[in-house]
Trainee: 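Below you'll find the structure I mean.
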Amino acid sequence: MRYWLMKSEPDEFSIQDLQERKNQTEGWDGVRNYQARNFMRDDMSEGDLAFFYHSNTKVPGVAGIMRISRAGYPDDTAFDPKDAHYDPKSDPAKPRWYRVDVTFERELERLVSLAEIKDHADELEDFPLVRKGNRLSVMPVDKKHWDFILGMENNPPE
DNA sequence: GCCAACGTTGGC
DNA sequence: GCCAACGTTGGC
């Protein structure tokens, strides 16, 4: 069982939106980055847990937890010319892009902000999120980092 | 809105 | 295969 972090802009799709979806489940589609795709296609398993990270918003940070409820399968939004993430080079016979299904687990009791995470650079030294220039939208999280961030949830800064 | 960092594209 | 140009991400 592995741990992950997945980014979404809350104006587009937030942890609250996921909670309100049917069965509290949604396909994590629209990812058009090969490294992120490889994680979803090759490394994610049903039952893995992921942080839901709110990006490109006033206070970016970890907002909640979700569960991978279906392992990687083809992202058919790539085949739809009307879809914002349409990719004419993705052939249905040999799909280029993959998604997983995620299911709402819980909202964090408070948002653990990126700024706060950066304040703990010592403990989170190798955390990919805070490595300079990292724009990956799907990334693995070590268990030690997972546990540390959950610890921060219950220890708000003054 | 700015812009650094990074990925992708395409000419050569 | 190189690399300049361009597009995107995402914090600030």
Side-chain angles (χ1 to χ4, degrees), chain A residues 2-19 21 26-44 48-66 68 72-102 104-105 107-142 144-146 148-153 155-158:
Chain A
R2 303 184 65 176
Y3 298 92
W4 303 93
L5 179 144
M6 300 167 85
K7 299 179 184 174
S8 176
E9 304 191 9
D11 290 348
E12 302 288 326
F13 185 65
S14 71
I15 181 78
Q16 292 83 11
D17 292 331
L18 177 60
Q19 184 173 16
R21 283 293 196 275
E26 184 63 282
W28 200 270
D29 56 30
V31 171
R32 298 292 180 264
N33 170 281
Y34 288 105
Q35 210 179 337
R37 179 211 57 189
N38 292 346
F39 286 135
M40 292 200 293
R41 188 189 60 186
D42 305 332
D43 298 325
M44 278 189 184
D48 286 358
L49 293 176
F51 284 136
F52 195 125
Y53 178 86
H54 283 177
S55 69
N56 201 18
T57 186
K58 197 165 181 186
V59 184
V62 176
I65 296 174
M66 54 197 174
I68 308 304
Y73 64 105
D75 179 357
D76 62 16
T77 65
F79 310 138
D80 178 2
K82 291 190 289 295
D83 192 275
H85 302 287
Y86 174 59
D87 180 359
K89 292 183 209 147
S90 186
D91 175 0
K94 199 172 179 299
R96 174 178 296 202
W97 303 114
Y98 281 71
R99 64 180 149 187
V100 296
D101 284 352
V102 297
F104 178 84
E105 198 72 22
E107 229 181 300
L108 295 197
E109 288 171 37
R110 65 186 195 88
L111 183 99
V112 175
S113 73
L114 177 63
E116 212 182 312
I117 287 169
K118 285 181 169 171
D119 283 343
H120 292 276
D122 289 344
E123 297 91 333
L124 296 171
E125 193 183 358
D126 306 320
F127 194 42
L129 183 71
V130 293
R131 272 210 289 266
K132 190 174 178 182
N134 197 318
R135 304 181 320 180
L136 257 189
S137 65
V138 175
M139 64 182 74
V141 176
D142 290 349
K144 64 181 178 188
H145 295 148
W146 179 273
F148 186 80
I149 287 170
L150 287 182
M152 292 173 71
E153 179 188 15
N155 288 287
E158 288 92 64

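Chain letters run A, B, ... following the sequence lines, proteins first and then strands; every chain starts at 1.
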Trainee: Rounded to whole Å, how long is the line connecting atom CD1 of A:Ile117 with atom C1' of C:dG10?
Mentor: 15 Å
Trainee: Whole Å only: how far is the NZ atom of A:Lys118 from the P atom of C:dG11?
Mentor: 8 Å
Trainee: Are any side-chain N or O atoms of A:Asp142 and backbone N or O atoms of A:Lys144, one a donor and one an acceptor, separated by less than 3.5 Å?
Mentor: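 Pair absent, no side-chain N/O of A:Asp142 close to backbone of A:Lys144.
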Trainee: Quick check on the 6.0 Å ring-centre criterion: do A:Tyr34 and A:Trp97 meet it?
Mentor: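 Judged by ring-centre distance (under 6.0 Å), A:Tyr34 and A:Trp97 do meet the cut-off.
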Trainee: Report the residue (A:Arg96 or A:Asn56) whose heavy-atom-nearest nucleotide on DNA chain B is the more 5′ of the two.
Mentor: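 Per heavy-atom nearest nucleotide, the more 5' residue is A:Asn56.
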Trainee: Within the 4.0 Å limit for protein heavy atoms, which parts of nucleotides 3-9 of chain C are touched? Write it as a string from 5' to 3', B for base, S for sugar-phosphate only, - for none.
Mentor: ----BBB
Trainee: Of A:Leu129, A:Val112, A:Ile149, which meets side-chain contact (heavy atoms from CB on, under 4.5 Å) against A:Phe51?
Mentor: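 The single option meeting the side-chain contact (heavy atoms from CB on, under 4.5 Å) with A:Phe51 is A:Ile149.
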Trainee: Can a donor-acceptor pair be found, under 3.5 Å and without considering hydrogens, that links the side chain of A:His54 to the backbone of A:Gly64?
Mentor: no
Trainee: State, without any angle test, whether A:Arg32 and A:Thr77 hold a side-chain donor-acceptor pair at a distance under 3.5 Å.
Mentor: yes
